[in-house]
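Bear in mind the structure is a predicted one, so any value in this text is a computation, not a measurement. Numbers restart at 1 for each chain; the letters A, B, ... are given by sequence-line order, proteins then strands.
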Amino acid sequence: MGGKYMNLTNQIANVISIALENEWTAEQVELLLEKPKQTELGDIAFPCFTLAKKFRKAPQQIALELSAKLEDQLIASVQVAGGYVNIFLNQAFVTNQVLHSIMTDLQKYGSKNSMHEKIVIDFSSPNIAKPFSMGHLRSTVIGNSLANIAEKNGYEALRINHLGDWGTQFGKLIVAYKLWGNKEKILAAPIEELLKIYVHFHNLAEKDDSLNDQARAAFKSLEEGDEEALTLWNWFKEASLKEFQIIYELLGVHFDSYAGEAFYNDKMTRVVDDLKKKGLLIESNGAFVVELEDMPPSLITKKDGATLYATRDLAAAIYRHQTFHACKTFYVVGNEQTLHFKQLFSVLEKMGFEWSKNLVHVPFGMMLKDGKKMSTRKGKVILLADVITDAIKTAQHNIEEKNPTLENKEEVAKQVGVGAVIFNDLKNDRMNDIEFSLEQMLNFEGETGPYVQYTNARICSLLQKGSFEVEAFTFSSIGVEAWPIIQLLEDFPRVVEKAFDNADPSQIAKFSLLLARQFNKYYARTKILADDGTTSSKLAFAFTVSVVLKESLRLLGVPAPEKM
RNA sequence: GCGCUCGUAGCUCAAUUGGAUAGAGCACUUGACUACGAAUCAAGAGGUUGCAGGUUCGAGUCCUGCCGAGCGCACCA
């Protein structure tokens, strides 16, 4: 598996540390190392400003003295500029090191050895009987990518779809169905029709509060096991899941568990009892709450005794801890729920569960429409299914225009269209709010999924034409133009690590764009199938780029067609 | 009102987590398919990093205040 050779910054940090006579450890040095903004300045820079204080010397002076002592097979030359020591690497040596390591590890390049530890990823979690909107896309693709990234970092990922299949909303739905439900219509298009009556319910409830009372009563009876209510609930759930499954298949997302909120229905009295026993439960206006410092109390039961979101999340957290013993749990849920998770974790801590510190909320910004949150209740949603359909159509259109002889066009159009949608969501920092823009999503040029896919497809085409096969290679004649790419490839394992540490798939997406762009530049300037003795090493080089591009896309959950 | 998140080019976003002259893509203008796929490449133009202070060798990044946006804040999830 990966990690066959110590990474570059590691090695360089070592050399510097020794040159500093171990006054600074290699670890300390490594933290300071950076890449110069202008490539002409060097490959790796070491700023001496922090050393200046300790040694009571001018940074330039330190840099000069240090530069004289740096000698290693990795280093070609050293220059001093201001307080920086700028290192130029031995390109041939590093190139061989990096490319050989990819040739050996293949898709395992950058992978870490298994630590036999589990990470629970709670993501997607759509609400039953509500449409799968663009808003849910974020949690789904971020969570899925995070799971892939966790596995790459040596963890076992447990993908849990914590379905929103319980709660007062079902009371509303049951009341709405009894008043205006039409069985045939619902059978024909379940979510669409259920949404209609749900929205209608909300419109009327704004003026008539008795409807809300009826809904609360209906949910209460559902929670108490009322036959009729349960039957309806089951029906709604099955119908919704069927529709969700289509989306998940398109997105290539799968789950290890669909245990949603309802699953914890019979596990909640224990939690409530435990809270009571620990003296945390306090009555407040007929409801029961847990008081917290520096934040509003957490509501555990309503005054009619029915449970709430927080109760079910408590039960879920405890159940999961007992069954999975995960070392960490990620809740991939929008940042509008930050307060809820703070409360949840804090209640668990008060209950004396030390493991509560291993629970992390991974928040993300929301998808906005005209600068505003989309609201299901007002029926103002954009359906993910519609957007994906549009994207696939656009891909189809592009294929007809650019590559009409392509085989299995439908399959490829799906891969490109879906890839565009997923990539578009993952390429930016997760905390940013995203203004929904179909135009941007359907543009397949520039910083997009199809751009990266296209780069890979072109390499695949080269490899086929050159009848490439994996064997031993030297990389002596790939040209100086390859150097920026080598540096990126070298950096990949660290990007994988960083993406995990920051729970940030966009690191991978940005990396894949950089790599694709650099390779496209190389491609435009260098004849690869040159027929002059350099072809085999250039092909092998292109192959390593393809390996890393494909792996990056896989981590994002984006397919990588060989032709498109 | 309080809390959270954020404010960088016309638009969407980066910026090595405090480092060198703030960079990409889209859109716009121009050039490149006898070099392997033009979903590409090359070039041009585009900036007082919301405003005002502060911290230090050094601030888009950290602190304080203000302005602006979005989202939360008890029986929804």
Using a 4.0 Å heavy-atom cut-off across all strands, classify [X] as base, sugar-phosphate, or nothing.
| X | answer |
| --- | --- |
| P59(A) | nothing |
| I399(A) | base |
| P296(A) | sugar-phosphate |
| E439(A) | nothing |
| N285(A) | base |
| K527(A) | base |
| L33(A) | nothing |
| T168(A) | sugar-phosphate |
| A457(A) | base |
| A45(A) | base |
| K427(A) | nothing |

- Query: Under 30°, 30 to 60°, or over 60°: which ring-plane class applies to F49(A) and Y84(A), parallel, tilted or perpendicular?
  - Reply: perpendicular
Residue [X], side-chain atoms from C-beta onward, closest of [options]:
| X | options | result |
| --- | --- | --- |
| M564(A) | A20(B), C75(B), A39(B) | A39(B) |
| D429(A) | U12(B), U17(B), A14(B) | A14(B) |
| Q38(A) | C13(B), C73(B), A20(B) | A20(B) |
| Y309(A) | G70(B), G19(B), A77(B) | A77(B) |
| V289(A) | A74(B), A77(B), G37(B) | A74(B) |

Pick the [atom1] atom in [N] and in [M], then give their distance to the nearest Å.
| N | M | atom1 | value |
| --- | --- | --- | --- |
| G47(B) | C4(B) | P | 35 Å |
| U56(B) | U48(B) | P | 29 Å |
| C41(B) | A24(B) | C1' | 15 Å |
| U17(B) | G10(B) | C1' | 30 Å |
| C28(B) | G70(B) | P | 30 Å |
| G54(B) | C11(B) | C1' | 34 Å |
| C6(B) | C13(B) | P | 14 Å |
| U55(B) | C73(B) | P | 40 Å |

Are [X] and [N] close enough that a side-chain N or O sits under 4.0 Å from OP1 or OP2?
| X | N | value |
| --- | --- | --- |
| R216(A) | C76(B) | yes |
| K510(A) | U16(B) | no |
| K35(A) | U16(B) | no |
| K465(A) | G37(B) | yes |

Polar side-chain contact [X]-[N] base: donor and acceptor under 3.5 Å:
| X | N | value |
| --- | --- | --- |
| N443(A) | A27(B) | no |
| S284(A) | A74(B) | yes |
| N502(A) | U17(B) | yes |

For [N], which nucleotide is its Watson-Crick or G-U wobble mate, given both distances must be under 3.5 Å?
| N | value |
| --- | --- |
| C71(B) | G3(B) |
| A9(B) | none |
| C51(B) | G65(B) |
| A14(B) | none |
| G19(B) | C57(B) |
| C41(B) | G31(B) |

- If you find the nucleotide of RNA chain B closest to V416(A) and the one closest to T301(A), which residue's nucleotide is nearer the 5' end? V416(A)
- Of G164(A) and K37(A), the one whose nearest nucleotide on RNA chain B sits closer to the 5' end is K37(A)
- Message: With rounding to the nearest 0.5 angstrom, report the SG to CD distance, C460(A) to E562(A).
- Response: 4.5 Å
- Message: Quick check for you: to the nearest 0.5 Å, what is the distance between Q11(A) atom CD and I44(A) atom CD1?
- Response: 9.5 Å
- Item | Ring centers of Y258(A), F263(A) separated by less than 6.0 Å | no
- What about Y331(A) and F341(A), are their ring centers closer than 6.0 Å? yes
- Item | G42(A) backbone acceptor or donor facing N86(A) side chain under 3.5 Å | no
- Query: Donor-acceptor pair, D43(A) side chain versus L89(A) backbone, under 3.5 Å?
  - Reply: yes
Quickly work out the [X] [atom1] to [N] [atom2] distance and round it to whole Å.
| X | N | atom1 | atom2 | answer |
| --- | --- | --- | --- | --- |
| F423(A) | A39(B) | CZ | P | 18 Å |
| N432(A) | G7(B) | CG | P | 7 Å |
| L529(A) | U34(B) | CG | C1' | 16 Å |
| E447(A) | G23(B) | CD | P | 15 Å |
| H340(A) | A77(B) | NE2 | P | 10 Å |
| M268(A) | A77(B) | CE | C1' | 13 Å |
| D294(A) | C73(B) | CG | P | 18 Å |
| E336(A) | C6(B) | CD | C1' | 15 Å |

Are any of the side-chain heavy atoms of [X] and [Y] separated by less than 4.5 Å?
| X | Y | value |
| --- | --- | --- |
| N212(A) | D209(A) | yes |
| L222(A) | W166(A) | yes |
| F511(A) | F492(A) | yes |

- Message: Which residue in the set L163(A), D165(A), I191(A), T140(A) passes side-chain contact (heavy atoms from CB on, under 4.5 Å) when paired with P126(A)?
- Response: L163(A)
Pairs: protein N or O with nucleotides 41-49 of chain B N or O, under 3.5 Å:
unit_1 : atom_1 : unit_2  : atom_2 : d
C41(B) : OP1    : Y451(A) : OH     : 2.5

- Any stacking of F49(A) on G19(B), going by centres under 5.5 angstrom and planes within less than 30 degrees? yes
- Task: Assign U17(B) to syn or anti; the rule is syn for a glycosidic angle within 90° of 0 and anti otherwise.
- Result: syn
- Query: Should the pair R138(A)-D425(A) be classified as a salt bridge under the 4.0 Å nitrogen-to-oxygen rule?
  - Reply: yes
